[in-house]
Amino acid sequence: MTDIPISMNPSGPPETVLDPEPTEALTLLASALAAAPSDRRDRISEVVARWPLFLEGWARLGQEARDTVEAYACFRVGYHRGLDRLRRSGWRGSGYVRWDHPDNRGFLLALAGLARTAAQLGEQEEAQRCEQFLRQLDPQWPPEQFDS
């Protein structure tokens with residue numbers, strides 16, 4: 001017999017949902033994404049400069065980057081800022097962070113972008129770790145509606 005309590009959680013590992021992004025940041029990002037392609041990156045950059053903790057902003061900036069190195073840097077910032085926010089939200093290194101929750105999408109987009117750009121830069125081990133991490137966080141990854 002042991003004194004360690006047994007968890008009988010029928011839903012499996014715990015699930016973490018990030019706090020919502022600021023409404024104004026989301027509105028300005030939507031406007032930036034709708035801008036002409038020649039202006040889009042700069043407009044997204046303005047949003048990220050105003051809200052440097054805005055995970056989807058970093059992910060979208062990575063998608064609009066001028067080259068692979070710039071994209072990698074943006075995705076890495078979004079990923080690390082996302083880990084910090086996950087920890088503040090109660091995540092302890094395991095459990096789900098699912099795409100089904102819109103507030104998690106910025107982090108997942110940054111992680112997916114990091115995996116993709118790491119592979120493009122020849123960092124295959126990092127790319128594989130990121131891909132595995134995505135599937136641990138959300139076993140249904142990638143979602144059907146995913147637009148990388």
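Positions are given from 1 along the sequence. Computed from heavy atoms alone, side chains included, the values below leave out hydrogens, waters and symmetry copies.
The shortest distance between side-chain heavy atoms of D103 and D19 does not fall below 4.5 Å. Here the side chains of W51 and L28 are in contact, with some heavy-atom distance below 4.5 Å. With contacts defined as side-chain heavy-atom distances shorter than 4.5 Å, the pair R105/R98 does not qualify. No side-chain heavy atom of W99 sits less than 4.5 Å from a side-chain heavy atom of L134. The shortest side-chain heavy-atom distance between F54 and V47 falls under the 4.5 Å cut-off.
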Test side chain to side chain contact (heavy atoms under 4.5 Å, CB included) on Y72 and L121; report intermediate values, then the result.
CA-CA 9 Å; Y72 178 86; L121 292 171; 3.7 Å; yes

Go through the steps for F107 and Y79 under the test side chain to side chain contact (heavy atoms under 4.5 Å, CB included), then give the verdict.
CA-CA 6 Å; F107 173 71; Y79 166 71; 3.8 Å; yes

Between E46 and R41, does the side chain to side chain contact (heavy atoms under 4.5 Å, CB included) criterion hold? Intermediate values first, please.
CA-CA 9 Å; E46 291 169 5; R41 184 196 162 281; over 6 Å; no

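E125 CD: 12 or fewer foreign heavy atoms inside a 6.0 Å radius.
Under the 4.5 Å side-chain heavy-atom criterion for ILVMFWY residues, a single connected hydrophobic cluster contains both L61 and L26.
Residues Q63 and R60 bring a donor and an acceptor atom of their side chains to less than 3.5 Å of each other.
Pairing each heavy atom of R43 with each of A32, the nearest pair is CB-CB, 3.5 Å.
Interatomic distance, L33 CG to E64 CD, rounded to the nearest 0.5 Å: 7.0 Å.
Applying the salt bridge (Lys or Arg N to Asp or Glu O under 4.0 Å) test to every pair with at least one member in residues 21-33, sequence neighbours left out, gives these pairs: E21-R85, E24-R50.
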